[in-house]
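Beneath this line is the structure, given in structure tokens, with notes to follow.
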Amino acid sequence: MKARRALLWALALDGLIAVAVVTWLHYGYVRQAQRQALIATVRQLGAEADVFVDAATQAAVAATQGAIVATRPDTHSMQLMPSASPSSVSGPECPTASPALSVPRYPTAPLSRSCVRRLARHPRRMFRDIERRTFDYFWVTADPVTGLTPDRWPSPHGPASIAAVGFALTADVIGAYRGYVTRHAAAQRVRKVLTFLLHLPQGPGAHGYAGYHGFFYHFLNMHTGLRFGHSELSTIDTALLMAGVLTAGEYFDHDTPTEEQVRSLANRLYRRVDWSWSAPGGNALVSMAWMPRTGFSKLRWHGYNEASILYILGLGSPTHPLGHNAWSAWTATDHHDLRRVGGLTLLSFGPQFGYQYTAVWVDLRGIADPFMRAQGETYFLNGVIATLVQRRYAIINPHGWAGYGPNIWGLTACDGPGYVRARFDGRIRQFYGYSARGISKHSVDDGTLAPTAVIGSLMFVPRYVTEATQALLRRYGDMIYTRYGFLDSFNPSFLDARLARTGHVVPGRGWVDNAFLGIDQGPIIAMIENERSRLIWRLMRHNSYIRVGLQRADFTGGWLSAARARAALSGTRMRAARVLGGTAHAASGPRRKQRALRALGKLARTRP
């Protein structure tokens, strides 16, 4: 009897356990299915992605669009004078990174909590401090002989990145403009870099060359300037280099021997690039890379991405331009990247740098090509929407990562803790090393955030970026903010120091990178200066190569139309002056006199 009763109790207990297990599994599967559905919604950015665009987001986009339309193009000549006093912030708690001083023993050591919190109280002072420290990063890390900029730093035996050199040249311009260094010192630094680049050997061989057809290899030896390892000849990185080269050539416009050489070197480097060669086989699309032994990569620049600066510079070349249909062929591949988000149209790209790089140098406000005109938007407004969508993604936080919220966000290509699996929030998660992080299906989100994704978007949504930068300093500044600005990335969700492949883990607070990346530091300093003075934008508006490239891509509107009108007016004045200026031509008959009168009449009807 007792045995029978025990058996019944055992069966009942087993039944209860089975019911509990089934219930737990069902709940787990349902919850997992809901999570996966939300993640799918986030990643696809499809019709159900209205969760990203709340009323505040739509209002911000509408206000931005209205401000862009209402803004009159700047038709005045540039007054290249700083709008504020020298901007370094120093004190016993916030040591400066003066270029005159030697590199400290621990350059990645963060500043004190009291320092970063004091900076976060005052947005203007905060951005001035970030800009100055980021400039010091570029100035201090350049090789003293070649002037090349490292891909990452500290890295004693690492290569130079030609894209980082382009950002460094832009930073040199900002440093001269702000008085961080003298104009003469900056011009000498730029001349040294451009001279070195121009005289590096170019050729088809695998060894002993720095580039081919005017393009450069992605990575160069810091000390010799020659190809580093098995690096590829990179079309996009060469374009970023040339953007910096042209910026320097445009800024240093004084009639001194050094600045005259800077302008000459900049023109020779840019005109030497054979952009037409980079689109082989009669294909209008540019190849991503070329290798000495295998030739061009089969991968082409198509779909919306950072390559817009590449196509603009390629179309603007007076010596070896891309085909006239290159831009239309590129934008024809953009349709599959279009998404409808909360009633707005987003040309989607995962990592934030895809929206930032071209906007560093080209003022995209108020101008549009036929593709974006058909959408009723501009590329600048597209960057605004993308930034707001990413912020909204962090608020929803579908993966449940630590720290994400309205003021803690920023997904882009950056360093990570490593390609490892680690436990977080009771589950094993996949983490990554250097990866393209974003919210599209071609990028990842492992909880790693990068300050450049936030601050490099300052021109898109100044209010939210300012609030996010203040929050970064208050919450994580004593981990990630140093005398040379922000470290590349951090991850509050990665807590296991034993598994970290790079960087280090601050107990209880997460993983922090131990390096700066030049291509991530560049957008920080450039976008801060564009917000403060529009310096880079104003310079490049006056660059004939940029203007021609945009016009060949059929951009119209805004400052570009105003520039075209000014050019037409200048041409009319010159023609009238030529007709009326010489006595030999004045006596050539009534037909020339009639042309002169028509030119003067047109000149009188044209408003300057």
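Just the heavy atoms: all of them, side chains too, but no hydrogens, waters or symmetry mates, feed the values below. Since this is a predicted model, take the numbers as computed values, not measurements.
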Run the side-chain donor-acceptor check on residues 289-304: report pairs under 3.5 Å with partners two or more places apart or on a different chain.
{"residue": "S297", "atom": "OG", "partner": "L299", "partner atom": "N", "Å": "3.0"}
{"residue": "R300", "atom": "NH1", "partner": "L285", "partner atom": "O", "Å": "2.9"}
{"residue": "W301", "atom": "NE1", "partner": "T235", "partner atom": "OG1", "Å": "3.0"}

> Are S457 and Q356 close enough that some pair of their side-chain heavy atoms sits under 4.5 Å apart?
Replying inline: yes
> Quick one: are C414 and T448 in side-chain contact, heavy atoms under 4.5 Å?
Replying inline: yes
> Which residues pass the side-chain contact (heavy atoms from CB on, under 4.5 Å) test with D369, sequence neighbours left out?
Replying inline: W327, T331, F371, M372, Y379, F555
> Any idea how Y270 and W275 line up, ring-wise: parallel (<30°), tilted (30 to 60°), or perpendicular (>60°)?
Replying inline: tilted
Please tabulate, for side-chain N and O atoms in residues 164-175, each donor-acceptor pair with protein atoms closer than 3.5 Å (sequence neighbours left out).
{"residue": "T170", "atom": "OG1", "partner": "G166", "partner atom": "O", "Å": "3.1"}
{"residue": "T170", "atom": "OG1", "partner": "W361", "partner atom": "NE1", "Å": "3.1"}

> Strictly by modelled atom types, are D274 and S276 linked by a side-chain donor-acceptor pair under 3.5 Å?
Replying inline: yes
> Between R152 and D488, is the closest basic N to carboxylate O distance under 4.0 Å?
Replying inline: no
> In terms of side-chain heavy atoms, does Y545 have a donor or acceptor partner in R271 at a distance below 3.5 Å?
Replying inline: yes
> Which word best sums up how the rings of F353 and Y357 line up, parallel for under 30°, tilted for 30 to 60°, or perpendicular for over 60°?
Replying inline: tilted
> Do NZ/NE/NH1/NH2 and the carboxylate oxygens of D446 and R437 come within less than 4.0 Å?
Replying inline: yes
> Ion pair present between D363 and R541, side-chain N to carboxylate O less than 4.0 angstrom?
Replying inline: yes
> Is there side-chain contact between L198 and R272, with heavy atoms separated by less than 4.5 Å?
Replying inline: yes
>> Is it the case that the ring center of F460 lies less than 6.0 angstrom away from the ring center of F380?
In response: yes
